Protein chains: 2
Amino acid sequence: MQTPPFEDQPCSVAQALGEIGERWTLLILREAFFGMQRFTDFQARLGVARNILTARLNKLVATGILTRNVAPGRGNPRFYRLTEKGRDVLPAFIALMQWGDRWIAGEAKAPVRVVDTATGEEIARLRVCARDGRPLVAREMRVVPGPGADVSIHRRFGATASGGEAPEAAFAFRRG
Amino acid sequence: MQTPPFEDQPCSVAQALGEIGERWTLLILREAFFGMQRFTDFQARLGVARNILTARLNKLVATGILTRNVAPGRGNPRFYRLTEKGRDVLPAFIALMQWGDRWIAGEAKAPVRVVDTATGEEIARLRVCARDGRPLVAREMRVVPGPGADVSIHRRFGATASGGEAPEAAFAFRRG
DNA sequence: ACTTTTTGGTTGCGTTTCGCAACCAATCGT
DNA sequence: ACGATTGGTTGCGAAACGCAACCAAAAAGT
């Protein structure tokens with residue numbers, strides 16, 4: 001899923017998709033979140049073709065999202081485990097799950113619930129918040145160049161000092 | 001990116017990926033978040049092939065993530081706009097962006113920052129929290145069957161009343 | 001030692017999707 | 001009427017995917 005373009009876009013979402021956006025990859029990580037570690041387990045749970053699974057696992061190891069360890073045993077089974085980088089996909093994963101629950105399955109028909117072990121209550125919906133914890137709606141956010149912004153980003157999102165506001169206010173969804 | 005399998009999995013992430021997991025789709029939504037509305041704008045910003053863009057936009061309209069409106073003007077320009085369902089992708093989008101910022105670009109080299117317009121401060125990192133707002137780490141969460149769980153989900157995540165715990169505690173990352 | 005099983009692949013091949021460039025139709029401005 | 005603009009569609013070669021068969025290493029079984 002990455003022939004030439006869009007890996008090199010100055011956008012962390014594009015780069016994230018380059019690492020975990022291919023078909024099956026996020027579902028492999030789902031199984032890893034659920035405790036699966038072995039090639040055979042992933043294959044049986046997902047029904048993914050073996051050559052594809054091999055390619056995905058190799059890439060996930062190469063990008064530092066999983067580690068591979070060989071253990072003694074019948075055919076030297078490999079154990080794939082999440083790294084810190086891999087575990088940190090969880091918020092994005094859960095955000096996606098909550099979106100699917102809400103807009104596809106319907107919340108009343110969610111296949112699984114993630115609950116707080118301490119209370120048994122379902123976890124909260126992930127929200128975008130200010131640093132002080134205030135929930136924010138899209139209209140209250142703005143996109144500005146970051147420390148790694150290139151010229152194109154500055155042109156697009158930079159404070160247009162020379163007269164006027166940015167042409168398109170990011171995250172300010174207009175309705176009419 | 002959806003020949004036969006994995007759309008029908010009883011998993012909201014799988015279903016979400018079926019709608020927005022194809023190549024380019026999330027980047028089209030990015031441009032929509034940034035205010036783009038027209039076919040030509042998406043095409044120019046992304047560099048995506050026109051036939052692909054057409055297919056993606058049609059699907060996004062069909063799944064209720066975008067709306068298409070024709071306006072008077074030179075060639076009857078179409079305006080693609082986010083629906084509520086589409087706007088609600090933003091948390092997942094930002095979670096993915098923050099992951100990319102942290103683990104690929106490096107936080108000191110993030111291409112863009114999303115700031116709270118009121119304070120100018122960067123927004124908080126998205127976290128998984130309990131309903132009372134307590135931040136949760138993976139070890140403190142558990143996956144249990146939801147209201148729409150089928151037999152396979154119950155077998156996998158159901159409380160094993162008949163002796164013993166669930167064989168693999170989801171989200172309890174083991175290290176050794 | 002020899003065979004069998006398990007594990008985790010690899011290889012070939014047909015199908016689908018992607019990417020590119022050329023072509024096209026409707027509409028509005030002039 | 002004419003030409004520019006918009007938003008496509010079509011055809012074709014390249015890449016990715018999906019399936020099934022084949023394979024090699026290593027440990028268990030005998």
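Here is how names work: the chains are called A, B, and so on, in the same order as the sequence lines, proteins then strands, and each is numbered from 1. From a predicted model like this one, the values you see are computed outputs, not experimental measurements.
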Inset, instruction - Would you sort out whether Trp103(A) and Asp88(B) count as a side-chain hydrogen bond (donor to acceptor under 3.5 Å, both in side chains), showing the intermediate values? - result: CA-CA 9 Å; Trp103(A) 294 103; Asp88(B) 202 38; 2.8 Å; yes
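- Note: CZ (Phe39(A)) to P (dA25(D)) measures 17 Å, nearest angstrom.
- With Arg56(B) contributing its side chain and Trp24(B) its backbone, the two residues share no donor-acceptor pair below 3.5 Å.
- The separation between Gln43(B) atom CD and dA21(C) atom P is 11 Å, rounded to whole Å.
- Nearest nucleotide to the side chain of Arg38(A), out of dC18(C), dA27(D), dG8(C): dG8(C).
- When side chains are defined from C-beta on, Arg125(A) does not count as touching Trp99(A), because their heavy atoms never get closer than 4.5 Å.
- Taking the side chain as every heavy atom from C-beta outward, Phe6(B) and Leu27(A) approach each other to under 4.5 Å.
- Across all strands shown, Tyr80(B) has heavy atoms under 4.0 Å from sugar-phosphate atoms exclusively, and none from any base.
- Among the heavy atoms of the strands lying under 4.0 Å from Thr40(A) are primed sugar atoms or P, OP1, OP2 only; no base atom is included.
- Both Arg50(B) and Arg74(A) lie close to DNA chain D; mapped to their nearest nucleotides by heavy-atom distance, the more 5′-ward contact belongs to Arg50(B).
- For Arg56(A), the side-chain atoms get nearest to dC17(D) when compared with the rest of dG8(C), dC17(D), dG8(D).
- Rounded to an integer number of Å, the gap from CE of Met36(A) to P of dG8(C) is 13 Å.
- Rounded to an integer number of Å, the gap from Asn51(B) CG to dT6(D) P is 20 Å.
- Spacing between atom CZ of Arg23(B) and atom C1' of dA16(D) amounts to 10 Å, rounded to whole angstrom units.
- Counting to the nearest Å, the C1' atom of dT10(C) and the CZ atom of Arg78(A) are 13 Å from each other.
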